[in-house]
Amino acid sequence: TQQIVEKRVPSFILMGQINSDLGDIRIAQSNYRSASDAAQRAEFEATLAKAYSALASDLKKYEPLIVDKEDLALYQTFTADWAKAEGLWKQVKTMTDSGNADEAKKLFLTDSLAAYNKAGDDIQSAVDDLAGNTKDEGAASAEDISLAASVTYVALALALVIGIGAAVISALRVVRPLKNMTNTMAILSSGDTSTNVPYKDRSDEIGAMAAALQVFKDGLVRNRTLETEAETARQKAEAEKIRLQHEAEVAAQKKLQEATAGLASGLKRLAAGDLGFELKEPFSPEFDALRLDLNAAVAELGNTIAPVGTSADAINNASPDASHRADA
């Protein structure tokens with residue numbers, strides 16, 4: 001019972017917190033990758049650093065609570081898989097920072113996600129092992145209590161009623177609650193958070209265990225909520241990106257239409273022989289050079305044709321005189 005209270009239960013709580021830390025890190029990584037500008041990335045990088053700090057603190061707290069070789073092996077497996085996940089994240093971050101958003105997204109949602117899930121599975125395996133150990137130790141504690149009760153019956157034959165009463169109280173106050181608590185731990189370790197944690201109103205060790213289990217349950221619920229919120233935020237960001245892209249395309253099309261309409265108007269006037277017009281209404285910056293070029297071309301054409309018109313007028317004015325002299 002002492003080992004359950006001093007080792008197993010704190011380990012169980014920390015496993016839940018570590019799992020929650022992993023979720024916080026993954027969410028912060030997703031937000032960093034999806035950030036639209038450097039300012040947002042800086043903000044999410046600060047959140048990510050805070051999540052890493054929390055994970056390091058919880059891992060440091062967990063290490064002294066390792067009891068057996070199986071716990072150590074599972075912890076070493078987790079640290080190795082987590083290191084691999086972190087290596088892939090560094091690649092994603094480098095791609096994101098260098099502007100390779102599509103490649104970063106692909107790696108983040110494939111190999112990086114698989115490595116993250118593997119580390120999470122390691123935590124779940126550790127939780128399952130911890131639940132099994134706690135159940136076995138609870139059963140051993142129950143057997144010890146049963147044996148102690150038998151010895152008490154023999155040693156205290158004259159106090160048989162007292163001995164029976166002590167055993168009943170022990171069963172009701174210790175053994176049964178321990179069994180119920182281990183069953184609750186097993187249910188929570190499987191991911192089912194619908195069950196209620198019993199004995200939270202007790203002020204003894206059983207009550208402390210119940211409070212610890214409630215913390216673990218709340219951590220699981222919070223982690224799922226954060227995952228849902230992160231997915232919602234990602235979908236919202238994708239929708240916003242599509243909307244902005246559509247608006248940009250519409251704006252570009254509008255600018256192109258305005259430019260082509262202005263050029264068409266100028267060309268119609270030119271075709272009608274109007275060489276003195278000038279397109280004064282500016283186009284959008286991308287197309288204004290076309291307006292200026294057309295104005296310059298019309299002006300140049302007018303300068304070229306003007307002498308021809310002057311010569312033609314002179315010829316027309318001289319024609320009557322020439323005709324008159326010819327008649328004379």
Side-chain angles (χ1 to χ4, degrees), residues 1-24 27 51 54-55 57-68 70-71 74-75 78 120-146 148-149 164-229:
T1 301
Q2 182 178 5
Q3 179 161 287
I4 290 174
V5 173
E6 296 180 359
K7 293 283 188 178
R8 299 302 188 187
V9 172
S11 296
F12 205 89
I13 296 171
L14 283 171
M15 280 296 176
Q17 189 58 51
I18 289 170
N19 193 39
S20 179
D21 293 340
L22 297 185
D24 292 342
I27 291 168
L55 176 63
S57 176
D58 289 333
L59 290 176
K60 186 176 181 180
K61 293 177 184 177
Y62 172 76
E63 291 174 357
L65 300 176
I66 295 175
V67 175
D68 50 36
E70 289 77 12
D71 293 344
L74 288 169
Y75 180 72
F78 162 74
D121 291 341
D122 294 338
I123 292 294
Q124 185 61 52
S125 297
V127 170
D128 293 340
D129 179 72
L130 182 61
N133 291 337
T134 303
K135 184 175 182 180
D136 293 341
E137 290 164 2
S141 178
E143 290 177 3
D144 291 341
I145 292 172
S146 178
I164 293 174
V168 170
I169 292 173
S170 177
L172 292 176
R173 296 287 298 175
V174 179
V175 178
R176 182 181 296 176
L178 278 176
K179 290 182 177 179
N180 290 339
M181 293 298 290
T182 54
N183 289 335
T184 302
M185 291 171 68
I187 292 172
L188 290 176
S189 67
S190 68
D192 184 0
T193 58
S194 62
T195 185
N196 292 324
V197 178
Y199 311 115
K200 290 183 292 185
D201 56 341
R202 289 179 57 160
S203 59
D204 55 6
E205 289 80 0
I206 300 298
M209 292 176 62
L213 282 180
Q214 185 63 45
V215 171
F216 177 75
K217 177 183 175 181
D218 293 343
L220 289 178
V221 173
R222 176 173 172 272
N223 191 35
R224 290 181 180 177
T225 301
L226 290 175
E227 290 177 352
T228 301
E229 291 176 352

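Numbers here are sequence positions counted from 1. These numbers were taken from a predicted model, which means no experiment stands behind them.
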Rounded at 0.5 Å granularity, tell me how far CG in D218 sits from CG in L220. 9.0 Å
So, Q17 and Y62: side-chain donor and acceptor under 3.5 Å apart, yes or no? no
Main chain of P10, side chain of K61: is a donor-acceptor contact present, judged purely on distance under 3.5 Å? no
Do L74 and D122 touch side chain to side chain, with heavy atoms closer than 4.5 Å? no
Would you sort out whether Y75 and E63 count as a side-chain contact (heavy atoms from CB on, under 4.5 Å), showing the intermediate values? CA-CA 9 Å; Y75 180 72; E63 291 174 357; 2.7 Å; yes
Between N183 and K179 (side chain of the first, backbone of the second, donor and acceptor by atom type, cut-off under 3.5 Å), is there such a pair? yes
If I compare all heavy atoms of D21 with all of A54, which pair ends up nearest, and what's the gap? OD2-O, 3.5 Å
Considering residues at least two apart in sequence or located in another chain, which fulfil the side chain to side chain donor-acceptor pair (under 3.5 Å) criterion with Q124? D128
Within a strict 4.5 Å, meaning less than it, do heavy atoms of the L188 and Q214 side chains meet? no
Sub-4.5 Å side-chain heavy-atom contact between L22 and F78: yes
To the nearest 0.5 Å, tell me how far R222 CZ sits from T193 OG1. 15.0 Å
State the OG1-NZ distance between T195 and K217, to the nearest 0.5 angstrom. 6.5 Å
Given the options S189, S190, S194, D192 meets side-chain hydrogen bond (donor to acceptor under 3.5 Å, both in side chains) only with S194
Please tell me if the side chains of V221 and R224 come closer than 4.5 Å, counting only heavy atoms from C-beta onward. no
Is there a donor-acceptor contact under 3.5 Å from the side chain of S20 to the main chain of G16? no
Could you give the distance from CD1 (I123) to CG (L14), rounded to the nearest 0.5 Å? 10.5 Å
Single hit among V197, V9, I13 for side-chain contact (heavy atoms from CB on, under 4.5 Å) with M209: V9
CG of D71 to CE of M15, rounded to nearest 0.5 Å, is 7.0 Å
Does any part of the side chain of R202, heavy atoms only, come nearer than 4.5 Å to the side chain of P177, both counted from C-beta? yes
